[in-house]
Amino acid sequence: MIGLGIWQLDRKDEKEALIAQAERSLAARDEVILPSNAEAREELLYRRTRVECATVQSLTTVAGTSLRGEKGLAQRATCLLADGTTARVDIGFSRRPEPVDWDGGSVAGTIAPGGRIVATEPLAGLEPLAAPDPRDLPNNHLAYAGQWFFFALTALVIYILALRRRSTRARAD
């Protein structure tokens, strides 16, 4: 349990470094080419990109937040790009659950967790979405470390009480 607590402290440092890198990426103004594979997209989180959605394969809604902080739905398109790869693009915010009518086109946005793109400017008459923010990444490793150290302390106290009880019984016999 102590080892798990130490591991969580190490993870805390790793997560802080990841968040700092993400904040630097978010501040970068130059656009990057969207990589074709998911792993490479994760390395470019919070960077700006531009894609041409040649064909909209599907439109759906997922939970989302508007630029003003309202909760509702993000309209998400799965696009076929010119190179044959696909990209998920959150094209705007809506309160209505029905997917909008959008035929594709040029999309400028930010690469968000999960490899999706969040459009900088809303499309299809939608409202703007909140931009992805690295500060939304959870970093609760310190709390987890504290829990593991508490569990270890609790186990030690129980062990000491069990030894004391055993010693008391041995003297009584």
Side-chain angles (χ1 to χ4, degrees), residues 7-145 147:
W7 175 71
Q8 285 293 341
L9 291 176
D10 290 341
R11 289 286 298 138
K12 175 185 165 287
D13 294 338
E14 291 172 13
K15 184 63 74 82
E16 287 171 351
L18 176 71
I19 291 170
Q21 172 61 38
E23 288 175 345
R24 286 189 298 276
S25 292
L26 190 59
R29 294 286 174 213
D30 57 323
E31 290 183 350
V32 296
I33 296 172
L34 184 71
S36 58
N37 70 42
E39 289 176 13
R41 288 180 188 180
E42 290 295 318
E43 291 177 17
L44 293 174
L45 285 179
Y46 303 103
R47 293 296 303 270
R48 289 170 176 70
T49 192
R50 182 177 303 274
V51 296
E52 187 67 34
C53 183
T55 305
V56 177
Q57 294 180 319
S58 66
L59 284 161
T60 189
T61 56
V62 294
T65 305
S66 77
L67 186 60
R68 295 182 299 203
E70 298 171 302
K71 300 299 180 187
L73 299 168
Q75 298 282 338
R76 180 172 292 166
T78 301
C79 294
L80 181 63
L81 307 180
D83 65 0
T85 61
T86 60
R88 289 178 297 134
V89 182
D90 292 351
I91 61 173
F93 176 83
S94 174
R95 287 176 201 78
R96 296 178 44 204
E98 304 84 27
V100 295
D101 187 27
W102 184 63
D103 295 328
S106 183
V107 179
T110 303
I111 301 172
R116 73 190 195 284
I117 300 168
V118 177
T120 305
E121 295 294 324
L123 303 164
L126 297 167
E127 295 177 42
L129 283 162
D133 189 344
R135 291 176 294 246
D136 292 338
L137 294 172
N139 188 7
N140 44 11
H141 298 287
L142 184 60
Y144 289 151
Q147 286 176 334

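Separation of atoms CD (E98) and CG (L59) is listed at 12.5 Å; rounding is to 0.5 Å. A distance of 9.0 Å separates CD of E39 from CD of E42, quoted to the nearest 0.5 Å. For the atom pair OH (Y46) and CD1 (I111), the distance works out to 11.5 Å, reported to the nearest 0.5 Å. Considering SG of C79 and CD1 of I117, their distance stands at 8.0 Å, rounded to 0.5 Å. A distance of 15.0 Å separates CH2 in W7 from NZ in K12, rounded to the nearest 0.5 Å. Between atom CZ of residue R41 and atom CD of residue E43 there is a gap of 13.0 Å, rounded to the nearest 0.5 Å.
Proximity of a side-chain donor or acceptor of S94 to a complementary backbone N or O of R96 within less than 3.5 Å is detected. Proximity of a side-chain donor or acceptor of R88 to a complementary backbone N or O of G114 within less than 3.5 Å is detected. For the pair R11 (side chain) and H141 (backbone), a donor-acceptor distance under 3.5 Å is absent. Looking at S66, its side chain does come within 3.5 Å of a backbone N or O of R68 through a donor-acceptor pair. Counting only distance, with no hydrogens or angles, the side chain of Q75 and the backbone of T61 share no donor-acceptor pair below 3.5 Å. At distances below 3.5 Å, not a single donor-acceptor pair connects side-chain atoms of N140 with backbone N or O atoms of A143.
Using a 4.5 Å cut-off on side-chain heavy atoms (C-beta onward), E70 and R95 make contact. Contact of the V89 side chain with the C53 side chain is not registered, since no non-hydrogen atoms from C-beta on lie closer than 4.5 Å. With contacts defined as side-chain heavy-atom distances shorter than 4.5 Å, the pair P122/E127 does not qualify. T78 is not listed as a side-chain neighbour of V56, based on a closest heavy-atom distance of 4.5 Å or more. When side chains are defined from C-beta on, L126 counts as touching I91, because their heavy atoms get closer than 4.5 Å.
The side-chain contact (heavy atoms from CB on, under 4.5 Å) test applied to D101 returns D103, not counting sequence neighbours. Under the rule for a side-chain contact (heavy atoms from CB on, under 4.5 Å), the partners of L129 that lie at least two apart in sequence or sit in another chain are A74, D90, F93, V118.
Other residues, nucleotides and ligands place more than 12 heavy atoms under 6.0 Å from the CG atom of L67.
For the side chain to side chain contact (heavy atoms under 4.5 Å, CB included) criterion with L34, the lone passing option out of T85, T49, L44, D83 is T49.
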(message) Please determine whether side-chain contact (heavy atoms from CB on, under 4.5 Å) holds for the pair R47 and D30, giving the CA-CA distance in whole Å, both sets of side-chain angles, and the decisive distance to 0.1 Å.
(response) CA-CA 8 Å; R47 293 296 303 270; D30 57 323; 3.0 Å; yes
(message) Run R48 and E31 through salt bridge (Lys or Arg N to Asp or Glu O under 4.0 Å) and show every step you take.
(response) CA-CA 5 Å; R48 289 170 176 70; E31 290 183 350; over 6 Å; no
